[in-house]
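Report on the structure given below.
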Amino acid sequence: MKKIILTGDRPTGRLHVGHYVGSLRRRVELQNSGEYDEIHIMIADAQALTDNADNPEKVKSNISEVALDYLSCGIDPEKSNILVQSYISELTELTFYYSNLVTVSRLQRNPTVKAEIQMRGFNTSIPVGFFTYPISQAADITAFKATTVPVGEDQLPMLEQAREIVRSFNSTYDEVLVEPKALLPENEVCSRLPGVDGKAKMSKSLGNAIYLADDPEDIRKKVMSMFTDPNHIRVEDPGSLEGNTVFTYLDAFCKDDMFAEHLPEYQNLQEMKDHYTRGGLGDVKVKKFLYEVLMEELSPIQAKRKELEKDVPAVMEILRKGSMEAREIAANTLDEVKTAMKINYWSA
Ligand code: TRP
């Protein structure tokens, strides 16, 4: 069986370092591993509209932003197909048919949907489109017969829902769809990088995110303002690593060979952590090092983004081509689905 990846993001803002360590970096590795027959990366604009229906301008403007972030991080359109969800109308058709296989109570129990309803304050006025987006996400995944879906932990309930739909479809009609597997980030730190204020979620509204395209000066300011150990007052005091955002970021970004250039008094991160917990290492010094570490990874990405930004129409053309290719694949699956459902009256 072919190994096929499908994954995606909602275009509601530029991507930040949390997206980078949690998914982008991994996608590039998967892409370059050569282990997959097809890779599709979806800019899920239709899904973004399920809770931004009144703000189409925001969704529109972020399509090229997200594409620029992908390409500057090393997603190569020759190897990975980047597509825009709304272009592929077959996905909405699949969603409609799959809806018959899902109950309202099953959607109500979906933990991600539950949490998002709370977070967005929908209370009892939940838009139907939003409520049913797990079904549409199952369509995204199954249209490409994806075997592997690299996602963060928060998306596991979506994957479970998709798998249930696949099983239900295949047993009710015919073995057409493929059950996907989630591929989680390798480690805990990378799967949920906190905001610079130490809060669990990095978000635009909280103003606590470091964006890939942030100006280096802004990144420096954000790093210098980062939450550390509030009881670590004097340099001599022993510091705690628990919930210490600066060290969480170092865990996600620092490679031991970075010490030689930026902070040769330590050989590796463990030595630095030991010094911090013993006392005698100040926050400012750790933060300055973190800034260097971050910039070592982000500088090449930012340089590439600057180049790509000079020709946004070329980026949009990559998306158009990718979407056309994706549409053919989805149309094939839709044909098979309709045949299995016996609604292909006029085809052979
Ligand atoms: N729900 C995902 C998010 O909010 C985006 C997404 C849409 C997605 N369709 C997908 C992810 C299909 C994986 C597979 O980030």
Side-chain angles (χ1 to χ4, degrees), residues 4-16 18-24 26-27 30-31 36 38-52 58-59 62-63 65-67 69-70 75 80-92 94-95 98 107 110-117 119-120 129-166 177-185 190-193 201-204 209 319 322-323 326 329-330 333:
I4 300 173
I5 285 183
L6 179 116
T7 186
D9 301 282
R10 294 183 192 183
T12 51
R14 287 180 296 150
L15 301 180
H16 52 57
H19 294 115
Y20 181 70
V21 297
S23 64
L24 290 176
R26 182 78 173 289
R27 287 180 199 171
L30 293 168
Q31 165 192 282
Y36 292 87
E38 289 173 31
I39 302 180
H40 304 281
I41 303 181
M42 172 183 288
I43 302 183
D45 61 335
Q47 187 179 108
L49 284 166
T50 64
D51 66 331
N52 288 281
K58 168 167 131 188
V59 175
N62 280 305
I63 289 184
E65 291 294 336
V66 168
D69 285 330
Y70 286 166
I75 297 291
S80 303
N81 193 39
I82 310 178
L83 59 124
V84 178
Q85 187 185 26
S86 62
Y87 186 87
I88 298 129
S89 41
E90 286 78 3
L91 297 175
T92 24
L94 288 172
T95 305
Y98 294 169
L107 285 171
N110 184 311
T112 309
V113 173
K114 258 192 188 163
E116 285 178 325
I117 287 172
M119 199 170 82
R120 288 169 177 70
F130 175 79
F131 185 62
T132 56
Y133 95 76
I135 308 178
S136 132
Q137 190 156 328
D140 300 342
I141 296 167
T142 55
F144 297 92
K145 304 209 170 156
T147 50
T148 311
V149 184
V151 281
E153 226 174 285
D154 64 312
Q155 296 289 307
L156 285 181
M158 296 295 149
L159 259 288
E160 200 39 53
Q161 186 109 51
R163 291 160 62 84
E164 276 175 40
I165 291 173
V166 168
L177 305 178
V178 176
E179 253 188 78
K181 279 203 180 69
L183 185 65
L184 290 173
C190 292
S191 64
R192 48 179 77 200
L193 200 66
K201 188 127 179 116
M202 208 182 287
S203 80
K204 191 172 179 177
L319 300 186
S323 302
I329 300 173
T333 306

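Note that the numbering runs from 1 along the sequence shown for the chain. These figures come from a predicted structure and were not determined experimentally. Counting starts at 1 for both ligands and their atoms, following the listed order.
Every atom of ligand 1 with a heavy atom of V149 under 4.0 Å away is listed here by number and element: 13 (C), 14 (C). Every atom of ligand 1 with a heavy atom of D140 under 4.0 Å away is listed here by number and element: 7 (C), 9 (N), 10 (C). In the vicinity of A44, heavy-atom distances shorter than 4.0 Å reach the ligand 1 atoms 7 (C). Distances below 4.0 Å separate heavy atoms of L6 from the following atoms of ligand 1: 12 (C), 14 (C). In the vicinity of V151, heavy-atom distances shorter than 4.0 Å reach the ligand 1 atoms 13 (C).
By heavy-atom distance, the residue among M42, M158, R10, Q137 lying nearest atom 4 (O) of ligand 1 is R10.
Between Q47 and ligand 1, an N or O atom pair is found at a separation short of 3.5 Å. Between D9 and ligand 1, no pair of N/O atoms sits closer than 3.5 Å.
The cationic group of R26 does not satisfy the cation-pi geometry with Y20, failing either the under 6.0 Å distance to the six-membered ring centre or the 45° limit from the ring axis.
D154 and K201 are not joined by a salt bridge, as no carboxylate oxygen comes within less than 4.0 angstrom of a charged side-chain nitrogen. Of the charged side-chain nitrogens involved, none lies within less than 4.0 Å of a carboxylate oxygen, so that K181 and E160 do not count as a salt-bridged pair.
Note: H19 and H16 have parallel aromatic rings, judged against thresholds of 30 and 60 degrees for the angle between ring planes.
Rounded to the nearest 0.5 Å, atoms CD1 (I82) and OH (Y70) are 7.5 Å apart. A distance of 7.5 Å separates CG in N81 from CZ in F144, rounded to the nearest 0.5 Å. Considering CD of E179 and OG1 of T142, their distance stands at 11.5 Å, rounded to 0.5 Å.
At a heavy-atom cutoff of 4.0 Å, ligand 1 is contacted by the side chain of Q155 but not by its backbone.
With respect to atom 15 (O) of ligand 1, the closest heavy atom belonging to the protein is G8 O, 4.1 Å.
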